[in-house]
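Only one structure is covered here, and it is reproduced in the block below.
Not measured: the values here are computed from a predicted model. Each chain gets a letter, A, B and so on, in the order its sequence line appears, and its residues count up from 1.
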Amino acid sequence: MYQTVVGLEIHIHLNTKTKAFCGCQAEFGDEPNSNVCPVCLGYPGVLPVLNEEALNQAYVVARALDCSLSKRTLFDRKNYFYPDMPKNYQITQFHDPVGRDGSIQFLSPDGTVKAVRIHDVHLEEDAGKMIHAGDMSLCDYNRAGYSLLEVVTEPDLTSGEDAEAFLLSFQRLVRYLGVSDGNMDEGSMKCDTNVSIRKAGEPLGTKIEVKNLNSTRFIKKAIEFESKRQATALDGGQKLVQETRLWNENRDVTESMRTKEGSLDYRYFPEPDIPPFVPDAAFFQAIEKRQVELPLARRKRLTEAFQLSREQADFVTEGRFVADFFESAAKAAGGGPTAGLAIANWLMGDVQKELNHFGLSLETSPLTADRLAKLQILLDSGRIHIKIAKQLLDAVFEEKKDPEVLLKEKGWEAITTEEQLSPIVDQVFAKNANVVEAVKAGDVRQKGYLVGQVMQATGGRASPALVNALLAKKL
Amino acid sequence: MDIGELETTAALAQIDLGEGDLDRLGAAVSQMLSYFEKMNALDTEGLEPTTHALVKDNRVRPDTVVASDLADALIEQAPEREDRFFVIPNVL
Amino acid sequence: MSAPATAWKQFQSKKKAYLDYAGPWEKKIGSFLTFRPEADPVPGLGAGPLSGLPFGVKDNIAVEGFPLTCGSKMLANVVSPYDATVVARLKAAGAFVIGKTNLDEFGMGSSTDNSALGKTHNPWDIARVAGGSSGGSAAAVAAGLVPFALGTDTGGSVRQPAAFCGVYGFKPTYGVLSRYGLTAYASSLETPGVLSADLDLVRWVFDTCKGRDVHDQTSLDAEALPPKAVKTIAVLSDLADLDPEVKAVYEHTLSVLKDLGYALLPVTLPTLEYAVPSYYTIAMAEASANLARFNGIRYGHRPVYAENPEHLVRQSRTAGFGDEVKTRIMVGTYVLRSGFQDQFYTKAQKVRTLIRRDLQSVFDRADLLLSPAFPTPPFVHGDASMNDFQQKLADKFTVTANLAGVPALAFPAGLAEGLPIGMQFTAPAFGEARLFEAAAAFAARVPVVPCPGTSLDWSK
């Protein structure tokens, strides 16, 4: 039986307004070659100018991954030719990256918390894009020069399932930090993997790189396929060769790339156009300030504080906004497990329905944590019943107002006493005199009709229990 | 200089070497490399390499858009163009 | 204002006379690749000493709307869409560009004969080279076609041609003149430079252009050294391999300086003989990366047909680059290769550290260093004893300033056999003022000799 050994190389686009080394806008979707300038097109005579915010975000991530932070970070040139490269070298970091030797935990699908060591975190620039059309390839350099952060893990993962979970948790982390959308579909996150197998106690096997993984679910599939493939090969007496393979998502297999001998010598050397950056104490303090409670830690804390189920914990910690929202609403609604449960249920159920209906996200909706808390408080206090609560929620979305305000405006306050209910019952009795007579005479079946009429007359503001009790008295 | 090494080097630099080139340029390259070996006579043990001449403070640029109005002029100089794309033979 | 500068202020009003003068000269020496003498200054810009002055720019420095050929077939059809910072600052001061001067292809050479697009001759003797790589700028200035010109100095490429043509060639402290707009050859070594027959003009151009630039993160403000008159000048006590003409002028220079009251301090620079291999290792390595962008895809030379992208790139580069450029790219690629980098590139950078230390120890004891700018007088085109390799070895006096990032000035020091011979002052970082001070004092004793047949009064 073989052990699978997996390492990941993750690239994310950082949320900077401009590119890493020039002032062009870093914005998707514009016309081809419109967000370009002589610098990112590699014209003669131009020089790279380092983006402060890209550097900051790089350090923020390195710190969040518990790396040793470089006190003198340097850029390097990685030299190779490809048509999407404006300079035919990439400005990256090789000798002195922003962060090294870090570690981060994630929740494995098997329920345990595992740690993955981080080899390094470094800042670099992206290349342009090519579209292949007939006998031409069309080059668009809008993306050339985008700020990219590369995170390289040690080979600490042991299954495709874990690798996928790790990647998703990393995605969550960079979103929590606000440095990247981490979206594989949109290309703001990419992941390559290194897979090898070995028998327990033996040294590491031949490392095979797998690229072209365009979705998180492919990570799991590709690793599982590849480790099986390698096992079959080794069992069959074959020797494995270090190579790069591509994931074929149509056939669910990895395929050998046509490798070229001697073409991978990148000849890294320090980038002379960018001085080394020596962060001072103020810089490091600013990086600390931008740290957030890590998603896993937050999940643990919220689970304990509010006794959340696994599913609920997943949901409310999926993103930083929803976690902040949940925690704030739960606290305002009284804190403790009961409030937490109630808020979680709202969020996962009716709130989600409303968001879908109105085509909104929690961030863009008129429902604030405060408003949701107020709704729950109204419910807890008995001033409204659950049916009204749902109506009120919908009204908040519809009319974008505070629940208290709406409650008053719509007159949906619950009827809670017999004194309040009595006149309405009398009215209903007056309109339905013969039915009343029939029930008084002993026709119990007609009682339900009266109950219904009263409920309708109250607009659902009375609880069925109260109505039944009062009717019983009056009949 | 070993022909194989020269060819590997030329390939890394994306330069074709024709028959005459191999001899002529190969000789020039070899001459330079032999000359560089002169440096071995100097003891540089423990010295830091100079990677940057005279650079001082940390230099960074604020993350503010500096719109370049040159995009159109730049793609005008494309040797081959299709709409706003630079054209090359198909990569695949 | 100096007499030459005043004369040039008449450029506008004496345009016809100028054209009658410049035409035959330019035909003789071929200093420009693009010559637009009909250009006029933008009215109303600046009122200082440079206002209304035309100038030449080496064709590897970007001037908006002008070609940026770098003397290469690769870029023969490229027009620059932007101005180099130094050009923009000069324009803002009211000066204007009337041409792009010839150069060794991509700045690689010491004769300008490595240009793929034109041939430049020394105005003093057209059988001889104007030096390189900024030969066109030096020749244009020496022939009186422009009052000053910009060049680039990577290992002496402003100073050596200036010496060959009998004019001043100034290299500032690394970073003080922005490199934005300078087609990169060796990023950690090069800087823009100024050539002129008028030392005041050199200083005004420097003052106008100097200082930090947002486009260049290696650029620096000009600091001032503590004010101190130049008293002691270091001289190399182990000078060998000088041609007799150069030796004669050198010794005359020593006696003039002594006469002027400077103390001459003999020094040895033990690392000087390693300066050239260190320089070329680093320069070629950086060049191999800096020239990688030229592949015919976004601009520049491109074959009519290619089967696939790699074919396209290789054909573009093979046809677009001359032999010297190819050689340097390959050497530079090699010295960075895995397995060789430590032995060559890293070693060269350590040697560089030693050279900087050596030079610093000289400046601990002296205010300036004097040396010849070049060991030979201007050589004839095709001189077999000065082939490409020999030319490189002869760079030893100039490359040290680039390795150390310090300023240096080549100044006309006299004639030998009717040819100009230049000497060079080197100063510590930010010591430009010392260069000008000493050169001015020397010029008061040994005035600059204009090239025969040239004139500032074109109406004659």
Side-chain angles (χ1 to χ4, degrees), chain B residues 1 5-6 8-18 21 24-33 35-61 66 68 70 73-80 86-92, chain C residues 78-79 81-82 173-175 188-189 214 217-218 220 271 273-274 277-278 280-281 284 288 292 295-302 306-315 317-318 321 323 326-327 329-331 333-335 337 344 346-354 356 388-389 404-405 429:
Chain B
M1 187 188 192
E5 288 293 356
L6 184 65
T8 304
T9 304
L12 283 172
Q14 296 282 283
I15 290 173
D16 286 331
L17 294 176
D21 294 333
R24 199 175 64 253
L25 301 183
V29 170
S30 294
Q31 191 178 35
M32 283 312 307
L33 293 172
Y35 176 60
F36 290 164
E37 286 177 6
K38 199 176 150 94
M39 292 190 287
N40 294 334
L42 206 48
D43 181 12
T44 54
E45 190 65 42
L47 280 175
E48 280 302 305
T50 300
T51 56
H52 293 80
L54 268 195
V55 282
K56 303 230 162 177
D57 320 290
N58 295 335
R59 292 292 296 273
V60 286
R61 160 183 68 86
V66 176
S68 159
L70 293 178
L74 294 171
I75 59 182
E76 278 296 305
Q77 300 218 68
E80 207 183 316
F86 295 90
V87 173
I88 56 173
N90 200 314
V91 163
L92 300 175
Chain C
V78 173
V79 172
Y82 72 102
T173 304
Y174 179 88
S188 76
L189 295 163
V214 292
Q217 290 186 333
T218 62
L220 301 167
T271 51
E273 64 177 291
Y274 303 100
S278 166
Y280 275 110
T281 307
M284 293 187 190
S288 72
N295 63 4
I297 292 180
R298 288 150 286 111
Y299 53 82
H301 173 77
R302 174 152 158 158
E307 278 166 23
N308 56 56
E310 200 187 306
H311 200 218
L312 173 74
V313 169
R314 289 170 83 133
Q315 280 194 95
R317 292 167 66 78
T318 304
F321 292 143
D323 279 354
K326 283 179 186 160
T327 301
I329 289 174
M330 286 195 291
V331 172
T333 304
Y334 186 89
V335 301
R337 278 179 59 188
F344 287 106
T346 312
K347 178 78 181 180
Q349 290 188 314
K350 292 182 176 179
V351 172
R352 184 175 183 179
T353 302
L354 261 182
R356 296 173 69 180
D388 284 313
F389 186 68

Is [X] in contact with chain B via its backbone, its side chain, both, or neither, using a 4.5 Å heavy-atom distance?
X: C:Glu307; value: backbone
X: C:Arg298; value: both
X: C:Ile297; value: both
X: C:Val335; value: side chain
X: C:Ser288; value: neither
X: C:Ala292; value: neither
X: C:Arg352; value: both

Of all of [options], which one pairs up most often with chain B through heavy atoms under 4.5 Å apart?
options: C:Tyr334, C:Tyr82, C:Tyr299, C:Phe344; value: C:Tyr334
options: C:Ala429, C:Ala348, C:Ala404; value: C:Ala348
options: C:Thr281, C:Asn308, C:Leu354; value: C:Thr281

Under a 4.5 Å heavy-atom cut-off, does chain C meet the side chain of [X], its backbone, both or neither?
X: B:Glu48; value: backbone
X: B:Ile75; value: neither
X: B:Leu70; value: side chain
X: B:Asn58; value: neither

What distance do [X] atom [atom1] and [Y] atom [atom2] have between them, rounded to the nearest 0.5 Å?
X: B:Thr8; Y: C:Met330; atom1: OG1; atom2: CE; value: 12.0 Å
X: C:Thr327; Y: B:Asp21; atom1: OG1; atom2: CG; value: 9.0 Å
X: C:His311; Y: B:Asp16; atom1: NE2; atom2: CG; value: 7.0 Å
X: C:Leu312; Y: B:Gln14; atom1: CG; atom2: CD; value: 10.0 Å
X: B:Asp43; Y: C:Lys350; atom1: CG; atom2: NZ; value: 10.0 Å

Problem - Main-chain N/O of B:Leu42 paired with C:Lys347 side-chain donor or acceptor, under 3.5 Å - result: yes
Problem - Check: C:Arg356 side chain, B:Ala53 main-chain N or O, donor-acceptor pair, under 3.5 Å - result: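 Pair absent, no side-chain N/O of C:Arg356 close to backbone of B:Ala53.
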Of all heavy-atom pairs between [X] and [Y], which one has the smallest distance, and what is that distance?
X: C:Pro309; Y: B:Asn90; answer: CD-O, 3.5 Å
X: B:Pro89; Y: C:Ala306; answer: CG-O, 3.6 Å
X: B:Pro79; Y: C:Gly300; answer: CG-O, 3.6 Å
X: C:Gln349; Y: B:Thr51; answer: NE2-CA, 3.6 Å

Exercise for the section: Name the member of B:Glu5, B:Arg24, B:Met39 that forms the most heavy-atom pairs with chain C at distances under 4.5 Å. Expected result: B:Met39
Handout entry: chain C contacts, top residue of B:Glu37, B:Glu76, B:Glu80 (heavy-atom pairs, under 4.5 Å)
Key = B:Glu80
Exercise for the section: Just do the side chain to side chain contact (heavy atoms under 4.5 Å, CB included) check on B:Val29 and C:Met284 with the steps written out, would you? Expected result: CA-CA 11 Å; B:Val29 170; C:Met284 293 187 190; over 6 Å; no
Handout entry: Any C:Val79 side-chain heavy atom under 4.5 Å of B:Gln77 side chain
Key = yes
Practice task
Indicate yes or no: at least one non-hydrogen side-chain atom of C:Val351 is less than 4.5 angstrom from one of B:Lys38.
Solution key: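 Side chain of C:Val351 against side chain of B:Lys38, heavy atoms only: no contact under 4.5 Å found.
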Exercise for the section: Please find out if less than 6.0 Å separates the ring center of B:Tyr35 from that of C:Tyr280. Expected result: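 Centroid separation for B:Tyr35 and C:Tyr280: 6.0 Å or greater.
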Practice task
Using side-chain contact (heavy atoms from CB on, under 4.5 Å) as the criterion, point out the one residue from C:Thr333, C:Val313, C:Thr318 that pairs with B:Ile15.
Solution key: C:Thr318
